[in-house]
Amino acid sequence: MKYSRAFLQTLREPPAEAEIKSHQLLLRAGLARKLSAGVYTLLPAGLRVLHHIERIIREEMNRAGAIELLMPALQPAELWKRGPRYDAARQVMFTAQSATRRTSEETVLGPTHEEVVTDLVASVLASYRQLPLTLYQIQTKFRDEIRPRFGLMRGREFLMKDAYSFDCDSDRATASYQAMYNAYSRIFRRIGLHAFAVEADTGVMGGSFSHEFVVPCAVGESEIATTDDGSYAAAIEKAVSLASPRPHNPPPVPFEKFPTPNVTTIEDLTIKHGVAACCQVKTLVYIADSRPVLFLLRGDHVLNEAKVLAAGFSQIRPATPEEIVSMMGCPPGSLGALKPLPSSITRVIADECLRDQHGMTTGANEEGFHIRNISVPRDLHVDEYRDLRTALDGELHPTTRRPLRISRAIEVGHVFKLGTKYSEAFGARFLDTDGQSKPAFMGCYGIGVTRCLQAIIEQHHDENGIIWPASVAPWQVALLLLDESLHEMAEQLETQLESLGITVLVDDRAERPGVKFKDADLLGLPLRLTLGEKSLNSGGVELKLRAGKESTLVPVQEVPTQVQLVLNQLLTAS
RNA sequence: CGGAGCGUAGCUCAGCUUGGUAGAGCACUUGCUUUGGGAGCAAGACGUCGCAGGUUCAAAUCCUGUCGCUCCGACCA
């Protein structure tokens, strides 16, 4: 491929819209262009990378026994309404309609395909003999993200590899899950991503357990908790930890109301009245499934909404200040779950850390007043104790007793063991060996393909540009032609290399050498050949690794074999 | 959805405070020179200053609205 014909346009300066390095390089190297927020064109060079990632994904999915198909992005809303999570999924749905023909039936652009695939399998599945079955596709997803960001990292239209497994029973579903888990590990390794699995929340997807595959990254959108020895790794939504204990849990004494004018935050109460955050009870008012619920936590702790959802609620949101006043008779800032509770509150759930705590301080349900020496079991209305808190950096993991580090990561893949939630809803049932009709046990598995593309850049770059892993590089070799008089020699080298199955980008532009070197570094092809009078006079063609500093001179006739040798080393090393 | 910031040439940005003929660098075209790490000189082309309304003799500039883009947050009682 000739550079002049490759529709490659590099940018000298990073566009103002790009904040993070991988996004800047994506645009600067001419891999993608933005159409609108979270919507991108993949330019030819970027598409070549994508194709390599897809090829590796297909190889590994096929190796794991999965079968490829292609499902539609246009999906009738009616299908979703029959499923178990229509309301939640609608939060991110785009809808589509004909511009000229009014139809009564709403169409949605598929954010994912559990509904479609389960409906499909339901129409085909009859016997246990058809199982196990794992179907996958690489297909465009549409999600109206609240906030698209960082280029391809979080888009509103993006490419996903999604797979769905169907099994006779839970154990065999676990085996299918494990097969996908292993395939994912191989895929990420092969495309050059240093990814690892963390225990994850099942969220709106439902199901029994799940792992996220993440790559550590300071600008990642997921938070993970890990122990230093790698024995425990979990998404923050799922992470469990031992709270740092209160220094002292005093014996119960009578409580006492005291004035706290203009104090509405944990911090104010600490500063102005000397009440340590860990001795305060924080009272959060939520609307959970349309009903008011209080969540109580220690003042130094943070509510984990995923754990709230895991407690059996399907939709939650913080109450508005107006709602709080009307339900509690008091604005936020002075709330307490004191007995007797306002009749509007239907349920109070307290974090485990508050069990049997005395000498606590909480709001008096009266503006400008708090109450000290609260005994939680004696004075507060608590229906239930649960783990509601978000793990904090430095806390110990409960079983390994190792300190947790909270850090950021990019989620590049996610595997779920689903159970029968969808198969029951869509009637994906089969007759088992015992003649009984049973719902299939499902799993679902996603990889953010376009996100992987950018995550690779995030993990493989230096101050001069991208350093592509050889397995996914848009071309394997950059051949810089520095003297137009050597055009024919470049032509011959290109042909020879291509006949060996090696992809070459020949920089044949009428540019000065400096420009070609800069662009070559920016685009980041793993191998660089420099052909010019200077190198030729000293014995041949200069060969340099993008990742290295040194270059070697290779006699012209040895170039193809040398390149092949070095490329094979690169490919097997990764 | 809340907060903040930004919309001026293909890209990066200045000009706006204090209203008065639309600017620079890079990129692009042509010519000459240059030719191993983003060249020099000369000539040229490229703009409804996001959009709409208002104020004014006069608006990129002031006011209002709107759209778009980016970042932060979306739990701290």
Side-chain angles (χ1 to χ4, degrees), chain A residues 9-20 23-24 27-28 30 33-39 91 144-151 219 221 236-237 260 263-270 277 280-287 294-308 316-321 324-325 327-328 330-337 351 361-367 369-370 388-390 392 464-465 480-486 507 509-522 528 530-538 541-542 544 551:
Chain A
Q9 180 64 53
T10 57
L11 301 176
R12 192 159 180 165
E13 290 174 277
E17 73 193 43
E19 195 78 5
I20 66 170
H23 188 193
Q24 293 177 352
L27 301 174
R28 283 191 60 207
R33 280 289 172 98
K34 184 179 74 180
L35 178 61
S36 65
V39 181
Q91 306 299 315
D144 190 12
E145 291 290 342
I146 301 171
R147 178 142 92 93
R149 71 179 121 179
F150 300 146
V219 297
E221 294 193 86
I236 195 73
E237 294 82 11
T260 52
V263 169
T264 58
T265 65
I266 302 274
E267 198 182 6
D268 279 356
L269 201 55
T270 304
Q280 299 184 33
V281 177
K282 177 156 61 176
T283 308
L284 301 171
V285 186
Y286 267 72
I287 306 297
L294 298 187
F295 297 112
L296 308 185
L297 288 139
R298 232 166 68 180
D300 56 336
H301 290 157
V302 176
L303 181 68
N304 185 328
E305 291 194 355
K307 289 183 180 176
V308 172
I316 60 166
R317 65 169 174 86
T320 65
I324 291 174
V325 170
M327 290 183 290
M328 302 291 290
C330 163
S334 310
L335 300 178
D351 183 65
T361 299
T362 192
N365 279 337
E366 186 179 340
E367 200 164 1
F369 290 91
H370 280 74
L388 295 177
R389 15 179 318 269
T390 304
L392 297 173
N464 294 318
L480 307 194
L481 173 59
L482 298 191
D483 294 286
E484 181 51 32
S485 59
L486 301 172
D507 195 342
R509 295 175 299 170
E511 289 286 354
R512 293 159 56 84
V515 174
K516 298 190 178 187
F517 285 124
K518 287 291 185 189
D519 275 341
D521 284 349
L522 182 55
R528 189 183 81 190
T530 308
L531 175 60
E533 296 288 2
K534 190 169 153 184
S535 63
L536 226 44
N537 291 340
S538 40
V541 178
E542 184 186 293
K544 182 183 170 295
S551 60

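Note on naming: letters A, B, ... go to the chains in the order of the sequence lines (proteins, then strands), and numbering restarts at 1 for each one.
Within 4.0 Å of Phe295(A), counting heavy atoms only, lies no atom of the nucleic acid at all. Within the 4.0 angstrom heavy-atom criterion, no nucleotide atom of any strand lies near Val281(A). Using a 4.0 Å heavy-atom cutoff across all strands shown, Ala16(A) reaches sugar-phosphate atoms only and no base atom. Within the 4.0 angstrom heavy-atom criterion, no nucleotide atom of any strand lies near Arg389(A). Note on Pro14(A): only backbone sugar-phosphate atoms sit closer than 4.0 angstrom, heavy atoms only; bases stay farther off. In this structure, Asp483(A) reaches neither bases nor backbone, as no heavy-atom distance under 4.0 Å exists between it and the strands shown. Among the protein residues, Leu335(A) comes within range of the nucleic acid bases, having at least one heavy atom under 4.0 Å from a base atom. Among the heavy atoms of the strands lying under 4.0 Å from Ile324(A) is at least one base atom, whether or not backbone atoms are also near. The residue Thr265(A) sits close only to the backbone: its heavy atoms come under 4.0 Å of sugar-phosphate atoms, none of a base. Nucleic acid contact class of Gly363(A) (heavy atoms, under 4.0 Å, all strands): none. Glu542(A) comes within contact range of at least one nucleobase, with a heavy-atom separation under 4.0 Å.
Closest to the side chain of Leu284(A), from the set A77(B), C13(B), A74(B), is A77(B). Relative to the side chain of Val515(A), the nucleotides A39(B), G37(B), C28(B) differ in distance, and A39(B) lies closest. Minimum atom distance to the side chain of Ser535(A) is reached by G36(B), of the listed C75(B), G36(B), G25(B). Here the side chain of Pro15(A) is nearest to one of A77(B), C11(B), G37(B), namely C11(B). The side chain of Arg528(A) lies closest to G37(B), out of G37(B), C72(B), U70(B). Each of C13(B), C69(B), C75(B) was ranked by its minimum atom distance to the side chain of Ala37(A); first place goes to C69(B). Residue Glu511(A) has its side chain nearest to C28(B) when only C75(B), U35(B), C28(B) are considered. Out of C71(B), G37(B), G25(B), the shortest distance to the side chain of Asp521(A) is found at G37(B).
For the P atoms, the distance linking C72(B) with U56(B) amounts to 43 Å, nearest Å. Spacing between C46(B) and G10(B) at atom P, rounded to whole Å, works out to 12 Å. Nucleotides G31(B) and U12(B) place their C1' atoms 28 Å apart, quoted to the nearest Å. One P atom belongs to U55(B), the other to C63(B), and the distance between them is 15 Å to the nearest Å. Comparing the P positions of U61(B) and U48(B) gives a spacing of 16 Å, expressed to the nearest Å. Spacing of P atoms, C49(B) relative to A39(B), comes out at 34 Å, to the nearest Å. The gap from the C1' atom of G15(B) to that of G7(B) amounts to 15 Å, rounded to the nearest Å. Using C1' as the reference atom, U8(B) and C51(B) are 14 Å apart when rounded to the nearest Å.
Nucleotide U35(B) holds its C1' atom 14 Å from the CG atom of Leu480(A), rounded to whole Å. As a whole-Å value, the separation of Leu482(A) CG from G36(B) C1' is 6 Å. Spacing between atom NZ of Lys518(A) and atom P of C26(B) amounts to 16 Å, rounded to whole angstrom units. For the pair Ile316(A) CD1 and A74(B) C1', the interatomic distance rounds to 13 Å; values are reported in whole Å. The separation between Leu481(A) atom CG and U35(B) atom P is 17 Å, rounded to whole Å. As a whole-Å value, the separation of Arg317(A) CZ from C1(B) C1' is 12 Å. Between the C1' atom of C13(B) and the CD atom of Glu17(A) lies a distance of 15 Å, rounded to the nearest Å. Taking atom CZ on Arg147(A) and atom C1' on G2(B), their separation rounds to 12 Å, with Å as the unit.
Between the side chain of Lys307(A) and the main chain of Thr390(A), no donor-acceptor pair closer than 3.5 Å is present. Of the possible donor and acceptor atoms, none in the side chain of Ser36(A) sits under 3.5 Å from a partner among the backbone N and O of Val39(A). Proximity of a side-chain donor or acceptor of Glu511(A) to a complementary backbone N or O of Lys516(A) within less than 3.5 Å is not detected. Proximity of a side-chain donor or acceptor of Gln280(A) to a complementary backbone N or O of Ile266(A) within less than 3.5 Å is detected. A donor-acceptor pair under 3.5 Å links the side-chain atoms of Asp483(A) to the main chain of Glu533(A), judged by distance alone.
Of the residues listed (Asn304(A), Asp351(A), Val281(A)), the one engaging Leu297(A) in a side chain to side chain contact (heavy atoms under 4.5 Å, CB included) is Asp351(A), and it is the only one. A side chain to side chain contact (heavy atoms under 4.5 Å, CB included) with Thr10(A) is found for one member of Leu27(A), Val515(A), Leu522(A) and no other, namely Leu522(A).
For Gln9(A) against G10(B), no side-chain N or O and base N or O form a donor-acceptor pair under 3.5 Å. Side chain Ser36(A) to base G68(B): no donor-acceptor pair is found below 3.5 Å. Between the side chain of Arg512(A) and the base of U34(B) there is at least one donor-acceptor pair of N/O atoms closer than 3.5 Å.
For the pair Asn365(A)/Leu335(A), a side-chain contact is recorded, criterion being any heavy-atom separation below 4.5 Å from C-beta on.
Look at Lys34(A) and you'll find a side-chain N or O under 4.0 angstrom from OP1 or OP2 of U70(B).
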